[in-house]
Amino acid sequence: MWGGRTGALLRVCGLWPAGALGRRPLSCDAASLAGSGSSQCWNCGGPGGPTRGDGFFCPQCRALQPPDPTRDYFSLMDCNRAFRVDTAKLQTRYQQLQRLVHPDFFSQRSQTEKDFSEKHSTLVNDAYKTLLAPLSRGLYLVS
C-alpha cells in the first residue's frame, strides 16, 4: 500500500504511524465530512482528521484527509510569516509535499482520496507559486 518512495519518505519524515498495516473499510460518508472541519477521519472514523498530526493522513488508517481550508501558505510550506523567504527551503518543502500528495501516487486509491489529492496538490502548487515570487508574496502578506 505505502511502498516505494512514498513509504520511505513517510518513514524518514516520521509520518508513518506504528501499527498502521492496512486500511479499514469506509465507515462514514466521506462527502459529508470533506468540508465539515471534523477532526475525525472520513475513512475509519478515528481521531486525526485535518486538525491533528501532519494534517495530510489519518494516523490510524493512513487515508489522505481533506485539505484544511484555514491553513495559510506560510504554515503549509513551513516558512516564517515574513517577506524574506529562504527559496531553497521553499523548493525543498514543495518537492517533499508533492511526493506525499501528488495525484500520480493515488491512482490505485479510492475516488475520494484521488479528489483530496488533487485539492492538496493544487493548494501546494498555489502556495509555492505565491511564496516564490516577491510581488505575490507581499500581496499575500497584506491580504
Side-chain angles (χ1 to χ4, degrees), residues 1-21 23-24 26 28-143:
M1 176 174 86
W2 286 96
R5 291 185 304 154
T6 305
L9 183 62
L10 289 171
R11 284 186 289 278
V12 168
C13 294
L15 302 176
W16 189 267
L21 298 176
R23 293 184 56 206
R24 297 182 194 159
L26 185 64
C28 59
D29 182 14
S32 66
L33 289 175
S36 68
S38 172
S39 63
Q40 289 188 335
C41 172
W42 64 268
N43 188 40
C44 69
T51 59
R52 302 228 1 216
D54 63 20
F56 293 106
F57 299 96
C58 172
Q60 293 177 344
C61 70
R62 299 304 302 162
L64 185 64
Q65 299 300 299
D68 182 2
T70 62
R71 193 169 190 184
D72 73 330
Y73 289 170
F74 288 97
S75 66
L76 177 66
M77 301 306 283
D78 196 25
C79 294
N80 293 330
R81 189 169 177 82
F83 184 74
R84 290 186 178 259
V85 172
D86 181 358
T87 55
K89 180 182 173 187
L90 183 67
Q91 182 178 10
T92 302
R93 177 68 173 163
Y94 168 74
Q95 292 170 345
Q96 178 188 36
L97 290 175
Q98 284 296 6
R99 283 187 209 107
L100 286 175
V101 299
H102 195 275
D104 288 349
F105 296 115
F106 291 86
S107 62
Q108 301 298 316
R109 305 297 292 262
S110 69
Q111 186 61 44
T112 303
E113 283 184 280
K114 289 178 188 178
D115 294 341
F116 290 158
S117 172
E118 288 178 20
K119 290 177 184 177
H120 275 292
S121 187
T122 300
L123 184 64
V124 169
N125 283 335
D126 291 344
Y128 178 69
K129 289 176 185 175
T130 300
L131 298 182
L132 188 62
L135 179 60
S136 61
R137 184 184 327 130
L139 291 172
Y140 183 77
L141 271 169
V142 297
S143 67

May I ask you to decide if A63's main-chain N or O and Q65's side chain share a donor-acceptor pair within less than 3.5 Å?
-> yes

Taking atom types as modelled, find out whether Q96 and R93 have a side-chain donor-acceptor pair closer than 3.5 angstrom.
-> yes

Under 4.5 Å between any side-chain heavy atoms of V85 and M77, yes or no?
-> no

To the nearest 0.5 Å, how far apart are CZ in R81 and CG in L131?
-> 9.5 Å

What distance do R137 atom CZ and L132 atom CG have between them, rounded to the nearest 0.5 Å?
-> 7.0 Å

Looking only at atom types and distance, does a side-chain atom of K89 sit under 3.5 Å from a main-chain N or O of D78, one as donor and one as acceptor?
-> yes

Can you see which heavy atom on Q98 is nearest to which on S121, and at what distance?
-> OE1-OG, 3.0 Å

For Y140, does its backbone N or O pair with a side-chain atom of Y73 as donor and acceptor, under 3.5 Å?
-> no

Could you check if a side-chain atom of P103 sits within less than 4.5 angstrom of a side-chain atom of K114, using non-hydrogen atoms only?
-> no

State whether a side-chain donor-acceptor pair under 3.5 Å links Q60 with N43.
-> no

To the nearest 0.5 Å, what is the distance between OG (S110) and CH2 (W42)?
-> 3.5 Å

Checking S117 side chain against E113 main chain: does a donor-acceptor pair fall under 3.5 Å?
-> no

OG1 of T92 to CG of D86: how many Å apart, nearest 0.5 Å?
-> 8.0 Å

With a 4.5 Å heavy-atom cut-off, do F74 and N80 have their side chains touching?
-> no

Output the distance between atom CZ (F106) and atom CG (D104), rounded to the nearest 0.5 Å.
-> 10.5 Å

Side chains of L64 and H120: closer than 4.5 Å at any heavy-atom pair?
-> yes

One should read off an interatomic distance between R62 CZ and C41 SG, to the nearest 0.5 angstrom, of 10.5 Å

